Protein chains: 2
Amino acid sequence: MELTKTRNASPSSREKILDVAEARFSQRGFAGVGLRQVADAAGLGKSSLFHHFRSKAALYLAVLDRVLERIDARLSTVLAGSGTHAERLDRVVESLVDAMVEHPTTPRLLLRALFEDDDLPEDAMPEAEAFEARLASLVQRLQQLIQEGVAAGAFRAASAAHTLQTLIGAVVYHFASGEFGEGLMGGPLFSAEAVRRRKLEIVTFIHHGLLPGAPTEGEGS
Amino acid sequence: MELTKTRNASPSSREKILDVAEARFSQRGFAGVGLRQVADAAGLGKSSLFHHFRSKAALYLAVLDRVLERIDARLSTVLAGSGTHAERLDRVVESLVDAMVEHPTTPRLLLRALFEDDDLPEDAMPEAEAFEARLASLVQRLQQLIQEGVAAGAFRAASAAHTLQTLIGAVVYHFASGEFGEGLMGGPLFSAEAVRRRKLEIVTFIHHGLLPGAPTEGEGS
DNA sequence: GTCTATACTACGATAGAC
DNA sequence: GTCTATCGTAGTATAGAC
């Protein structure tokens, strides 16, 4: 569908850089990462990075956009699917959690992208817009699902924006919470069992928090 | 209650430094702030900072501990208060929100403290422990409230740890979400009206999510 | 497309005068 | 307790050979 090929037989240098940068930026944030660490870990000289990305900020935004692209792919499938509003919202939560777990760098990068306002050095506007546009599109579709559910009487009369914020907190923050989260939960956050449990906890919370009448937890699946 | 005086007629240099450092660290994070900016904004030379704080990491942790101390003061009052478990939990949410709003630097600093693992240069262990201890104490008391509420049948059989994570996400993340949050909500996050609305939204969510039987939203207050 | 070399700036931290 | 001066390092980014 695109003019430039996106599949590669062997991981190109560009993808190698993105992988390494994603790991580092996730852990330390934009300002906390030096390009030398990225270059070394990618097996390249420092200067070579600038042949693939115009600046550090451009690299950071490329990482963020790739992360959001993966989430978008998962959620788009679910949002376009069938089922009641409640069923689709459950699947949104589960897919969002799956996206956090697939690459554990995701929650921290996404959380940073959401709450850190532009600490970026102003220059990387073009690549910033790609990310912003993708984010806005995703948010808009998620809000629509909630609003339609409210209009259809499937959800109580809750604010879609507030509900979305709560949902982001419940999913993204939780899987970003690292050592604190592990200490609180008394075990790893990303084990299959912990992930299954978190999904159940959030979905149950939403059902009793969003649905007007009888509990729906005993339903299919 | 303390040997050293904590009240000051005029703001000492130490407090001035803490104030400006809190603002900067909240916005840019630990790695994103230079001590020169802090010193300039405080009206001091760069070197003078080191007479008040052993290192940048020590300053950062002093800021974090002061933030957590303010939250602790609010929540301790509420946790020691009377009322049913549900009433006390409502007041915990409202007090936590009040703490975020009182100093809008709070949510971002707290969020960073919770999800950024030790990017700190290892040396500031003593002042780190003060913060960790205060945090552990607070978390323990919050968990206890939820667990007791579950045991007393006031809450459904939910995990205290999971519930606490969801709560933190709903309060701390929301008020840390800056431009993204404002865009999503369609207005400021910290206006009196927005704050009132967020409290209501979370408390309602919790009631329908935690309480077993009939909705309790019509109750007193 | 990767390298070496370099420019320029900022960083955290220390020494020592006042 | 604040200052100036300085140290050593690391930061982003560019120039130009290969």
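None of the values given here were measured: they were computed from a predicted structure.
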Show me the donor-acceptor pairs, under 3.5 Å and distance only, between side chains in residues 124-135 of chain A and residues at least two apart or in other chains.
{"from": "E127(A)", "atom 1": "OE1", "to": "R54(A)", "atom 2": "NH1", "distance (Å)": "3.1"}
{"from": "E127(A)", "atom 1": "OE2", "to": "R54(A)", "atom 2": "NH1", "distance (Å)": "2.8"}
{"from": "R134(A)", "atom 1": "NE", "to": "D65(A)", "atom 2": "OD1", "distance (Å)": "3.2"}

- Task: Would you grab the first and last nucleotide of DNA chain C (5' to 3') that comes under 4.0 Å of any non-hydrogen atom in chain B?
- Result: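 Listing 5' to 3', DNA chain C meets chain B from dC11(C) to dA15(C).
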- Quick one: list whatever passes side chain to side chain donor-acceptor pair (under 3.5 Å) with E201(B), sequence neighbours left out.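 Expected list: R197(B).
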- Task: State which residues pass side chain to side chain donor-acceptor pair (under 3.5 Å) with R108(B); sequence neighbours excluded, sorted by chain then number.
- Result: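 Once residues adjacent in sequence are excluded, the partners of R108(B) under the side chain to side chain donor-acceptor pair (under 3.5 Å) criterion are D117(A).
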- Message: Could you tell me if T77(B) and R91(B) have a donor-acceptor pair between their side chains, going purely by distance under 3.5 Å?
- Response: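 There is no such pair between these side chains.
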- CZ/R36(B): more than 12 non-hydrogen atoms of other groups inside 6.0 Å: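 Atom CZ in R36(B) is not crowded, with 12 or fewer foreign heavy atoms closer than 6.0 Å.
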- Message: Whether E22(B) and R70(B) form a salt bridge (side-chain N of Lys/Arg under 4.0 Å from carboxylate O of Asp/Glu) is what I want to check.
- Response: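 Counted as a salt bridge, because a side-chain N and a carboxylate O are separated by less than 4.0 Å.
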- Should the pair D98(A)-K199(A) be classified as a salt bridge under the 4.0 Å nitrogen-to-oxygen rule?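 Judged by the 4.0 Å cut-off on N to carboxylate O distance, D98(A) and K199(A) do form a salt bridge.
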- Item | Global bending angle along the helix from dG1(C)-dC18(D) to dC18(C)-dG1(D), which compares the axes of five pairs at either end, to 10 degrees |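 If I round to tens, the end axes sit 0° apart.
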- Task: Establish, yes or no, whether a centroid distance under 6.0 Å links the rings of F115(B) and F180(A).
- Result: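 Not close enough - the centres of the two rings lie 6.0 Å or further apart.
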- Task: May I ask you to check whether F53(A) and Y60(A) place their ring centres under 6.0 Å from each other?
- Result: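 That pair fails the under 6.0 Å test.
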- Using atom types as modelled and distance alone, determine if a side-chain donor or acceptor of S177(A) lies under 3.5 Å from a backbone N or O of H174(A).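 Confirmed, S177(A) side chain pairs with H174(A) backbone.
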Using nucleotides 4-11 of chain D, report all nitrogen or oxygen pairs with the protein that are shorter than 3.5 Å.
{"from": "dT4(D)", "atom 1": "O4", "to": "S47(B)", "atom 2": "OG", "distance (Å)": "2.7"}
{"from": "dA5(D)", "atom 1": "N6", "to": "S47(B)", "atom 2": "OG", "distance (Å)": "3.1"}

- Length of the line joining D119(A):CG and dT12(D):P, which is rounded to integer Å: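 Atom-to-atom, D119(A) to dT12(D), this comes out as 13 Å.
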